[in-house]
Amino acid sequence: MEATAFPVLSLIIFVPIIAAVLILFLNREQSDLARGIAITAASVCFALSLFVYLNYNSNVDAIVANQELIQQAGEPGASTDMFQAAVAFEERVDWIPSLGISYHLGVDGLAVPMVLLTGMVAVAGVLVSWKIEDRTRDFMAFFLLLVAGVYGVFVSLDLFVLFFFYELAIFPMYLLIATWGWVKLREYAAMKLTLYILIGSVIALVGVIAMYFTAGRFFTENPQFLPQGASAYSFAIAHMMRAAEAGAFHIPVLGSISFEHLWFPFIFLGFAVLAGVFPFHNWSPDGHVAAPTAVSMIHAGVLMKLGAFAALRVGVQLLPEGAHVHLPWIVFLTLINVVYGAFIAFRQRDFKYVIGFSSVSHMGLVSMGFATMNIVGMTGAGLQMFSHGAMTALFFGCVGMVYDRAHTRDLPSLGGFAKVMPWVAFAFILGGLTSMGMPGLSGFVAEYPIFAGMWQASEHITLQIGGFTLSNYYSIIVVIAALGIVLTAAYVLRVTQQVFFGKFDSVKYADVGDITARERFVLIFLGTPLVILGVAPFVMAPMLETGFKPVLAMLGVGA
Amino acid sequence: MGEFNFLQSLPAIAPEIGLTIMAIVVLFLDLYLPESQRRNIAIVTAVGLFATALLYLLLWFPTPTEPEGLGAMAGLYWGGMVRHDTLAQIFKTMVLCAGALTALMTIDVRGLGRKGEFYLIVIVATLGGCLIAGASDLIMVFLGLETLTIPLYILAAFRRDDKRSAESGMKYFLFGSFASAILLYGLSLLYGFTGQTSLQGIAAYLGSDAFTANAFPVLVAMTLIVVGFGFKISAAPFHFWTPDVYEGAPTPVTAFLSVASKAASFALLVRFFLLVFPVEVVIDNQVLSSGLVINGQAIPDFWVNLAAVMAVISMTLGNVVALAQRNIKRLLAYSSIAQAGYVLMGVAALKAAPETGVAAIGFYMLMYTFSNLLAFAVIILFTEATGSETIADLGGLSRRSPWLSLMMTISLLSLGGVPPAAGFFGKFFLFQAAVEANMVWLAIIAVINAIIGLYYYLSIVKVMYVDHSPYEENEIAVSRPVAWALGLAAIAVIVLGTFAVQPVFDWALRSAASLFV
């Protein structure tokens, strides 16, 4: 698509940054102004994200047609061309030309829903943090920086810029959790989360630098694969895709092990740490519980998707051979995520821990969807990313609203809150039904394709262990994963029953009242997309398909 | 060397001339200004140093691309004593900025701020740093090093009435002179074998196959020189003086010492390794230097291994020991050992990736100069207001002085390598140089170390933002000159990490090429 003259994506990134700087310059007393600036910035970003989404959605047919043409022509570099055909709102400014780094933004069908999700959760996050009185200024400024970093990762088309924003997002998150989080756990959890995510990402960074030189040396020797006038060394995603397609990453590096085989696990799992893949999920429940409500929302809602998104973008899309070798065993990790996460969630006494572990369980489904390596499963994973993002933000919103009033999250001591907070109860049940995969809600349209994709994949994916070949095991995994859904239903119903129904202790919770109009708006705002997407998945699915098709073309799987 | 042309030779030592004038001016101001106006000396010093740096950058950009047909002697001035190239320019700018910011930061420090001689000694030390950055002759190398370190001994012991300061000065003097002696021995061996004092001359002699005995004496000279430099840049295992000297010296001195002496020594290290013990350098498919081979033994690998080993030990030891520190100055001392380790990774990469290696080192030291000075500026203010150097006492700083804690956070993030601070790019360039030099293992070790480093940097941030203190109501007063210093350093850190990356990195990239013209 043509580049637009108006830099929408830059605006989306820089509005929160400018707002954050403005807020820092306010006086200590001007908390209300800080809130006002924050909500304005978040709303502007949401409006722009919605514009991007609607604009992209209206062009999606043209993109699909274009991609099919390219695929049929089947010329060398077709996958890259398909990827580039799906990119919209492209912006590009050279940053460090001597190293082939450019400030290169753009969205494809995968990024657009994530951008919209970020916009929604940012607005909701500012609104639920309205009551924060301790250094409101700093809270809002850091929150906006976090939002800017998250946006940056989703819209960058240059791996270096992707890392820049990825690391940019981590620090404000640390500070937000450590400073405004739950007193008992915040310092430990914030540091644990930061270190886990950083270790994963910097190891992936070394991998990406290695990719950069491998691709650069390959193109220097084989300039015929390069488009006219392009430099051999570049961090652009399209450039790396071209290198991967031309076979630059097949070269052996350690004995007979090829570059792709060696680096795929480091890069994929390095990012997947943030998506909570077992056994690197450990930071996630603690982090979510310790964080203030808004940060839990953005963290579970958006940041975990950032991990999955980057793992797909950098891992699967750029190292497809590695994906073929390694994803068949990584799928076992995702299975553990789904079932074990649900089990642990079921055993929790703390309201927020239940939701924390449910995120681990649901994010497992996303990675599982990637592991199917077919269009059905991947589209399901994309839908699950959006659906889980809105749903879990809704969940954390509900938990926060209950906790703010009851001052406890201990499940046995709560009860009957539906009487005083009917809206919260309704929203929580809506989220719960979504997470169980109730037809008509977004969870169903996301989880069903993942399972269907797994069945489909079962026929041709095999795993070599030594001389032994494992085949058809995806179908067994699906059956076990479906068990996870049953467990999900169990813990959701248990929590609903314990918190919202049963006897309300009107003495202990005498001063617990209903939520404010602002909070009601948050619940409606986050709940609505769950229903819309559930009833009309076609508003998102075709767009995601345009994003996944180039990935599948890279994998050599016909879409 | 061609005909001596005074006007053409002037730019090569322009900063040194400026500094000498400044020294005289400050000396006179100290004599004639009444006590009440002595504070202005700091401002005069800072403005003078900044002006020198600015004029040097604006007026005398080195043009090593026009060597006037002088071959290996291009860019040499003043009888071959100094070389005027981009490498010298970057590091001279760095040292000048360090001196200027140190002067501004010292202005309100009790016992230092109103003493003219303090600024005089800082200026002389800066002069030494500038001399080293451009030194191209063994005599000049040693002269510059002593011009830098002797004032630093005095500065470290500047608070005569303070036992810790006196101890620090003594320790620094003993270790420093020991290191100088070792270095001098190495230099003298080099002179003895080659009969030359000019670096270019030694390089030409070693490269001409005239030296045929065997490689051993050269290796000994090289080892002694590396050990000498190891002391100066406080790389492990030659770091023992660092924590004690950093802790005991007056804080502004620590600040200056931690950046200026290190930066100048790295400039010299790069020059030595690339010129005297050359490696095969190919830039844009042109063989600029064919490497040093004595009796079939490739010499470069020796110092590459030496640098790599020192890098690993320095960063691991620095970071791990820093974890246990309670005193902020000691913590920054160990952190500076670790930072030296990262830069040594760039030195190790010089052989296989000379261009990016030099550029990465230049960029890293530039960002380190500003980041470290920013951190020390905050510590100076804090220590002056509270009398404490303990990390735990920084508690509640974000409530007490939100701006100060933000500045400290920026500098710590930069040291830790988190964007948008410049440290992210600094580390990235070094990792990139290491990967380009096929040392992925070294990059992985550095990456893991960077995480350990980030742990203790973030712990300080945590103390400032999360912990409480009983003094949260008393805001720390910041006078205008110090605010300027803080603002300049902070802006430099952020701008170097975002908008200015490209020009500065390209500037640093040119320095590699300029060495071989």
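Note on naming: letters A, B, ... go to the chains in the order of the sequence lines (proteins, then strands), and numbering restarts at 1 for each one. Values reported hereafter were calculated over all heavy atoms of this structure, with side chains retained and with hydrogens, waters and symmetry mates removed. The model shown is predicted, which means the values in this text are computed figures rather than measured ones.
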Heavy-atom cut-off 4.5 Å, strictly under: side chain, backbone, both or neither for [X] against chain B?
X      : answer
A/I209 : both
A/F142 : side chain
A/D94  : neither
A/F213 : side chain
A/Y166 : neither

Legend entry - A/F160 and B/F424 aromatic ring geometry - parallel, tilted or perpendicular at 30°/60° bounds: tilted

Quick check: do [X] and [Y] have side-chain heavy atoms less than 4.5 Å from each other?
X      : Y      : result
A/R217 : B/E436 : yes
B/V418 : A/I170 : no
A/F164 : B/F425 : yes
B/Q502 : A/I101 : no
A/F171 : B/P419 : no
B/P402 : A/R137 : yes
B/V447 : A/L205 : no
B/L413 : A/E167 : no

Inset, instruction - Verify the ring-centre separation between B/Y465 and A/W180: is it less than 6.0 angstrom? - result: no

Inset, instruction - Would you mind telling me which of A/D138, A/L145, A/V206 has the largest number of heavy-atom pairs within less than 4.5 Å of chain B? - result: A/V206

Inset, instruction - Could you check which of A/G216, A/A190, A/G149, A/A178 has the highest count of heavy-atom pairs closer than 4.5 Å to chain B? - result: A/A178

Legend entry - Over all atoms of both residues, closest heavy-atom pair of B/F429 and A/I96: CZ-CD1, 4.0 Å

Inset, instruction - Decide side-chain contact (heavy atoms from CB on, under 4.5 Å) for A/Y212 and B/V435; before the verdict, give the C-alpha distance in whole Å, the side-chain angles of both, and the deciding distance to 0.1 Å. - result: CA-CA 10 Å; A/Y212 167 82; B/V435 175; over 6 Å; no

Inset, instruction - Take atom CH2 of A/W182 as the centre, draw a 6.0 Å sphere, and report whether it contains more than 12 heavy atoms from other residues, nucleotides or ligands. - result: yes

Inset, instruction - Step through the shown structure and confirm whether more than 12 heavy atoms of other residues, nucleotides or ligands are within 6.0 Å of OH on A/Y233. - result: yes

Please flag which part of [X] lies under 4.5 Å from any non-hydrogen atom of chain A: side chain, backbone, both or neither.
X      : answer
B/I448 : neither
B/T409 : side chain
B/L509 : side chain

Which distance, rounded to the nearest 0.5 Å, do you find between the [atom1] of [X] and the [atom2] of [Y]?
X      : Y      : atom1 : atom2 : answer
B/L454 : A/T194 : CG    : OG1   : 8.0 Å
B/I451 : A/I199 : CD1   : CD1   : 5.0 Å
A/I177 : B/K462 : CD1   : NZ    : 14.5 Å

Legend entry - Residue, of B/Y455, B/F431, B/F499, that accumulates the most heavy atom pairs under 4.5 Å with chain A: B/Y455

Inset, instruction - Among B/A443, B/S398, B/A359, single out the residue with the greatest number of heavy-atom pairs under 4.5 Å to chain A. - result: B/S398

